[in-house]
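Working notes, structure below.
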Amino acid sequence: MFFDDSRRRISKSVKDDPLSELQIRLTQSTKYSIQATKRIMNTDMMKKVCHADGFIAALDQSGGSTPKALKLYGIKDDEYEVGKPSMFDCIHKMRTRIMTSPSFNGNRIMGAILFEDTINREINGVPTTEFLWKEKNVVPFLKVDKGLEPEKDGVQLMKPMPELNSMCDDAVAKGVFGTKMRSVINFANKEGIKAIVEQQFTYAKQIMSKGLIPILEPEVDIKSPEKAEAETLLRAEIMENLKMLRDDQKLMFKLSLPDVDDLYEQLVGHPNVVRVVALSGGYSRSEANDILARQHGVVASFSRALTEGLRDDLTDEEFDAMLDKSIEEIFQASKASGVKKELHTHK
């Protein structure tokens with residue numbers, strides 16, 4: 001009886017005010033249109049990430065790594081305050097110069113990983129993620145981790161992420177396709193590596209539940225005296241955790257370039273893995289490209305190797321020429337194997 005009365009009141013209200021009915025219909029129509037647009041966008045992004053030639057540009061320097069990136073770019077310490085808005089203004093200006101360059105586009109760059117501050121800003125008056133996808137055809141990813149814990153058992157776990165759900169919700173609203181989170185392996189400690197992988201997968205499941213594709217980055221330090229052994233242990237732990245995923249749970253991996261070629265071949269072909277990408281990890285661009293070209297089905301996700309040689313005092317012509325050369329070299333190394341993944345439908 002209560003529901004009948006409620007329906008009568010609503011019906012009478014709409015009948016008495018035709019404008020209210022129009023507003024309800026328009027609101028519903030807009031809501032469904034936005035949802036449909038996001039589904040189409042995610043499908044197109046998934047196709048690009050799975051099938052396109054190219055690599056992922058890592059432009060996600062955080063508060064801790066930004067001063068070093070700015071120094072390499074030629075910005076003096078006295079031009080900003082560490083951790084203050086002036087520092088983030090400087091790094092955004094650098095990223096904007098990179099992303100607005102004619103050479104930075106979806107023909108050779110599949111995606112870009114961004115710092116949270118970056119997705120909250122604009123490029124040429126357009127929200128960053130919208131600029132990347134609509135104007136550059138580059139898939140946006142968001143760095144979500146909050147830094148590293150002190151070393152324990154030869155590894156550095158990620159700090160807790162209590163705001164991960166809200167970050168993911170905001171990312172989805174802004175048109176972000178996926179996330180990235182980094183932890184570090186310094187030694188071949190089985191217990192430590194097991195903890196690293198379990199933490200990565202735990203957060204990955206939380207991220208996947210929000211409709212995003214997580215990139216898991218358990219980096220093995222290239223200076224580790226036990227690098228090869230650590231990488232073997234890491235692969236084994238990853239394969240074990242992949243067994244516990246549902247068929248519809250899709251993710252990506254960002255891994256250090258391995259000492260043994262094609263070490264991660266099993267991951268490249270795994271049905272739950274959308275793509276495997278590699279970090280440069282401190283290698284020069286030339287070294288990183290040489291190793292990458294031998295890893296079948298793996299593409300680059302370089303940061304320092306991508307921006308190597310770029311400086312604030314270069315003319316626009318010099319800057320664009322250097323960036324174009326860097327992008328082309330990384331693109332060719334990523335393309336070298338000629339292996340493409342089958343399309344996985346992310347639900």
Side-chain angles (χ1 to χ4, degrees), residues 26-52 54-62 88 91-92 95-101 104-145 161 163-181 203-217 248-252 254 274-275 277 299 301 303 343-347:
L26 285 173
T27 299
Q28 291 175 336
S29 175
T30 301
K31 178 181 177 182
Y32 297 144
S33 176
I34 291 172
Q35 290 173 343
T37 299
K38 286 183 178 179
R39 284 196 296 270
I40 293 169
M41 183 172 66
N42 281 344
T43 300
D44 289 344
M45 288 181 180
M46 178 64 89
K47 287 179 180 177
K48 185 172 184 68
V49 171
C50 284
H51 288 300
F55 64 95
I56 296 178
L59 303 174
D60 59 328
Q61 294 90 351
S62 62
F88 293 109
I91 197 68
H92 186 68
R95 289 169 180 152
T96 297
R97 194 178 187 191
I98 292 170
M99 288 186 278
T100 55
S101 169
F104 190 97
N105 59 65
N107 293 333
R108 295 178 294 180
I109 297 172
M110 175 203 315
I113 303 171
L114 307 171
F115 184 52
E116 186 178 15
D117 178 75
T118 308
I119 73 163
N120 292 329
R121 292 181 182 245
E122 295 182 345
I123 296 178
N124 293 346
V126 179
T128 302
T129 52
E130 182 180 336
F131 174 85
L132 278 176
W133 180 240
K134 292 186 177 180
E135 298 193 25
K136 292 288 188 169
N137 195 28
V138 172
V139 178
F141 292 81
L142 171 66
K143 169 189 164 68
V144 294
D145 69 83
M161 292 185 269
E163 299 176 356
L164 182 59
N165 280 336
S166 60
M167 281 187 73
C168 289
D169 290 338
D170 187 50
V172 170
K174 286 182 167 68
V176 171
F177 174 74
T179 65
K180 192 224 56 168
M181 49 191 172
Y203 281 128
K205 290 172 184 175
Q206 187 176 345
I207 292 164
M208 287 186 285
S209 73
K210 294 291 186 177
L212 296 163
I213 301 293
I215 300 176
L216 286 64
E217 185 185 5
D248 65 332
Q249 291 180 305
K250 310 296 181 184
L251 39 68
M252 299 171 63
K254 180 170 178 175
V274 175
R275 205 93 188 222
V277 301
V299 301
S301 178
S303 176
L343 174 63
H344 297 311
T345 302
H346 177 59
K347 299 180 180 178

For this session: For Thr100, check side-chain contact (heavy atoms from CB on, under 4.5 Å) against everything at least two apart and list the hits.
Result: Thr96, Ile123, Asn124, Phe131
Exercise. With sequence neighbours excluded, what pairs up with Asn107 under the side-chain contact (heavy atoms from CB on, under 4.5 Å) test?
Worked result: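 For Asn107, the residues satisfying side-chain contact (heavy atoms from CB on, under 4.5 Å) (neighbours in sequence not counted) are Asn105.
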For the residue pair [X] and [Y], what are the closest heavy atoms and their distance?
X	Y	answer
Gly175	Pro140	O-CG, 3.5 Å
Pro214	Met208	CD-CG, 3.5 Å
Leu132	Ala112	CD1-CB, 4.1 Å

State, with a plain yes or no, whether a side-chain heavy atom of [X] is found less than 4.5 Å away from one of [Y].
X	Y	value
Phe88	Asn120	no
Leu164	Lys210	no
Val277	Glu217	no
Val274	Val49	yes
Met167	Met161	no
Val176	Leu114	no
Lys134	Val126	no
Ile213	Met46	yes

Problem set entry | Any donor-acceptor pair under 3.5 Å from Thr179 side chain to Val144 backbone | no
For this session: Mark yes or no for whether Lys136, through its side chain, and Met99, through its backbone, hold a donor-acceptor pair below 3.5 Å.
Result: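 Checked: pair present.
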Say you draw a straight line from [atom1] of [X] to [atom2] of [Y]; how long is it, rounded to the nearest 0.5 Å?
X	Y	atom1	atom2	answer
Ile207	Leu251	CD1	CG	10.0 Å
Thr118	Lys143	OG1	NZ	11.0 Å
Phe104	Arg95	CZ	CZ	11.5 Å
Met181	Asp145	CE	CG	8.5 Å
Arg275	Ser301	CZ	OG	11.5 Å
Ile109	Asn137	CD1	CG	11.0 Å

For this session: Any chance you could lay out the side chain to side chain contact (heavy atoms under 4.5 Å, CB included) test for Val299 and Ile56, step after step, and finish with the verdict?
Result: CA-CA 8 Å; Val299 301; Ile56 296 178; 5.5 Å; no
Problem set entry | salt bridge (Lys or Arg N to Asp or Glu O under 4.0 Å) pairs, two or more places apart, involving residues 119-129 |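 For residues 119-129, and leaving out neighbouring residues, the salt bridge (Lys or Arg N to Asp or Glu O under 4.0 Å) pairs sorted by first residue read Asp89-Arg121, Asp117-Arg121.
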Using the salt bridge (Lys or Arg N to Asp or Glu O under 4.0 Å) criterion, which residues pair with [X]? Sequence neighbours excluded.
X	value
Arg97	Asp316
Lys254	none
Glu135	none

For this session: Using the six-membered ring wherever Trp is involved, compare the ring planes of Phe177 and Phe141 and label them parallel, tilted or perpendicular (cut-offs 30° and 60°).
Result: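 Perpendicular, since the angle between the ring planes exceeds 60°.
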